[in-house]
Amino acid sequence: MKIVALAGGVGGAKLIDGFAKNLSPLDLTIIVNTGDDFNHLGMRICPDLDTICYTLAGMANPDTGWGRENECWTVLAGIKQLGGPDWFRIGDKDLATHLERSRRLMVGQPLSRIIQDFCKSWNINQKVLPMSDQKVSTIITTLEYGEISFQDYFVRNKCAPTVKRIHFEGIKDATPTPGLIDAIEQADAIVICPSNPWVSIDPILSISGIRTSIIKKPTIAVSPIINGKAIKGPAAKMYSELGIQPSALAVANHYKTIISAIVIDNQDSALSEAISHLGIIPFECNILMKLTEDRVQVSQDVLNYIERILNL
Ligand code: GDP
């Protein structure tokens with residue numbers, strides 16, 4: 001079964017890791033958010049792409065979910081000593097990725113080509129596609145600081161500011177990366193990973209042509225909200241601050257124009273009826289992925305649910 005998955009970073013990577021263990025590499029394409037990308041220390045940093053790639057390559061830091069395992073921090077310590085910015089944690093091994101990517105971007109190579117080559121070097125056989133080769137920047141309008149960039153909000157300010165609005169700078173001029181629309185058209189189903197709907201999935205869906213291609217396909221989402229809470233990060237806080245009660249139902253509502261089904265946690269079974277009323281099929285199972293076994297189980301459950309919707 002050919003799957004195209006839409007993913008952000010840490011939450012998305014967990015399900016992708018499961019799919020990678022359950023599907024042939026040729027059957028899995030991952031479209032990754034690049035709205036979180038930013039310039040820092042003279043380099044271009046692409047946090048979600050790196051998280052997905054490090055996970056697929058088996059070299060992600062298992063404790064944080066981002067960055068590389070067995071890191072050393074010599075360069076960051078040196079930067080700190082010089083009074084430079086050390087709020088964004090970059091380990092020495094991770095630094096190599098940013099330096100080499102920035103060098104290649106500077107000589108005019110497209111991001112998608114660079115990622116394709118990195119994947120080859122890291123023995124990743126799945127197709128990893130940045131959502132666009134053009135720059136898109138997620139901007140958060142906050143009550144306290146006005147407009148700030150996503151990493152300023154997420155890392156430097158630890159998601160504390162109150163979110164009033166989210167928009168994606170550069171989105172109108174951004175086009176899908178080569179092969180992305182073809183991959184959607186050839187897929188049997190599209191999976192929206194349990195990533196932050198506002199800042200990880202919406203940027204992907206806002207690129208011209210992506211939403212309209214996905215609408216034609218059987219699409220299933222996995223809720224990033226369990227029992228009204230995000231497992232990690234500001235998704236639930238964002239819903240509240242934008243005036244919506246956070247829940248798996250709110251996630252279903254968020255995606256209601258594009259999904260035919262959603263996977264919610266057993267704990268949220270009381271929401272199934274309201275989800276059905278939206279015209280969306282709710283599937284219930286455990287969707288908390290603490291261990292590798294959970295990733296494999298959740299992804300297998302999602303594949304079984306896809307079979308069921310394909311046979312309806
Ligand atoms: P980021 O770009 O690194 O913030 O990563 P994502 O947007 O991909 O992931 C953040 C989302 O993943 C949060 O909303 C979390 O609630 C969700 N998440 C993290 N771990 C899990 C999990 O084990 N199960 C589910 N269902 N969601 C998770």
Side-chain angles (χ1 to χ4, degrees), residues 5-18 33 35-36 48 51 63-66 138 140-144 150 153-155 157-166 191-205 219-291 293-295 297-299 301-302 305:
L6 275 49
V10 172
K14 290 185 185 179
L15 187 65
I16 295 300
D17 192 28
N33 171 43
D36 296 7
D48 288 353
T51 297
D63 301 323
T64 55
W66 54 266
T138 299
I140 313 283
T141 305
T142 63
L143 187 66
E144 295 81 357
F150 181 73
Y153 163 79
F154 191 67
V155 182
N157 286 294
K158 303 186 171 59
C159 310
T162 314
V163 176
K164 305 303 293 173
R165 179 174 171 251
I166 299 158
V191 177
I192 300 181
C193 288
S195 292
N196 186 315
W198 300 99
V199 293
S200 292
I201 302 298
D202 281 357
I204 304 176
L205 295 174
T219 300
I220 187 166
V222 178
S223 177
I225 306 277
I226 300 177
N227 196 18
K229 297 184 198 75
I231 311 310
K232 198 168 178 273
K237 184 172 174 280
M238 283 178 169
Y239 271 105
S240 300
E241 291 169 357
L242 294 168
I244 305 162
Q245 194 180 351
S247 68
L249 173 62
V251 176
N253 209 23
H254 193 99
Y255 294 135
K256 72 170 180 258
T257 55
I258 52 167
I259 58 172
S260 35
I262 186 167
V263 187
I264 64 172
D265 197 80
N266 288 320
Q267 292 178 58
D268 287 321
S269 58
L271 300 174
S272 281
E273 201 182 325
I275 291 172
S276 302
H277 286 148
L278 295 172
I280 296 166
I281 305 166
F283 291 110
E284 296 162 26
C285 63
N286 165 59
I287 54 167
L288 181 61
M289 294 172 278
K290 282 193 185 150
L291 308 168
E293 297 90 279
D294 302 325
R295 299 175 180 195
Q297 184 59 54
V298 174
S299 66
D301 288 342
V302 174
Y305 298 143

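Because the structure is a prediction, the values reported are computed rather than measured. Hydrogens, waters and symmetry mates are skipped; everything else that's a heavy atom, side chains included, is used.
Taking the side chain as every heavy atom from C-beta outward, I166 and M238 approach each other to under 4.5 Å. Side-chain contact between D294 and K14 is absent, with no heavy atoms from C-beta onward closer than 4.5 Å. Contact check for E284 versus D268: no side-chain heavy atoms found under the 4.5 Å cut-off. C193 has its side chain within reach of I16: a pair of non-hydrogen atoms, C-beta onward, lies under 4.5 Å apart. Annotation: side chain of V263 is not in contact with side chain of D301 (no heavy-atom distance under 4.5 Å). No side-chain heavy atom of W198 sits less than 4.5 Å from a side-chain heavy atom of T138.
Note that CD1 of I201 is 6.0 Å distant from CD1 of I192, once rounded to the nearest 0.5 Å. Separation of atoms CG (L143) and NZ (K164) is listed at 5.5 Å; rounding is to 0.5 Å. Once rounded to the nearest 0.5 Å, the distance linking CG of D265 with CG of L271 reads 10.5 Å. Note that the OG atom of S195 and the CG atom of D202 stand 11.5 Å from one another [nearest 0.5 Å]. In this structure, I287 CD1 and M289 CE are separated by 7.5 Å, a value rounded to the nearest 0.5 Å.
Minimum interatomic distance between Y153 and P234 (heavy atoms only, all atoms of both residues): OH-CB, 3.4 Å. A pairwise comparison of heavy atoms in G8 and N33 identifies CA-CB, 4.3 Å as the closest pair. When all heavy atoms of I275 and P282 are compared, the pair lying nearest together is CG2-CB, 3.9 Å.
Here S299 pairs with N22 under the side-chain hydrogen bond (donor to acceptor under 3.5 Å, both in side chains) rule; sequence neighbours left out. Under the rule for a salt bridge (Lys or Arg N to Asp or Glu O under 4.0 Å), the partners of E241 that lie at least two apart in sequence or sit in another chain are K237. In this view, K256 and N253, L278, I280 satisfy the side-chain contact (heavy atoms from CB on, under 4.5 Å) rule, not counting sequence neighbours. Every residue meeting the side-chain contact (heavy atoms from CB on, under 4.5 Å) condition with T64, not counting sequence neighbours, appears here in chain and number order: N61, W66.
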(request) Check step by step if side chain to side chain contact (heavy atoms under 4.5 Å, CB included) holds for N157 and T142. (result) CA-CA 11 Å; N157 286 294; T142 63; over 6 Å; no
(request) Let me see the working for S272 and I264 under side chain to side chain contact (heavy atoms under 4.5 Å, CB included), right down to the final yes or no. (result) CA-CA 8 Å; S272 281; I264 64 172; 3.7 Å; yes
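A parallel orientation is assigned to the rings of F283 and Y305, their planes being inclined by less than 30° (bins at 30° and 60°). Between F150 and F154, the ring planes lie parallel to each other; the angle is under 30°, not in the 30° to 60° tilted range.
Panel note: side chain N196, backbone V199; a donor-acceptor pair is recorded below 3.5 Å. Put simply, the side chain of D36 never gets that close to the backbone of S200: no donor and acceptor are under 3.5 Å apart.
Heavy atoms from other residues, nucleotides or ligands lying under 6.0 Å from CD of E273 number 12 at most.
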Contacts table for residues 220-232: side-chain donor-acceptor under 3.5 angstrom, sequence neighbours left out:
residue	atom	partner	partner atom	Å
S223	OG	I225	N	3.0
S223	OG	I225	O	2.7

Which pairs would a plain distance check flag for residues 242-249, meaning a side-chain donor or acceptor within less than 3.5 Å of a matching protein atom at least two apart in sequence or in another chain?
residue	atom	partner	partner atom	Å
S247	OG	L249	N	3.2
S247	OG	A250	N	3.0

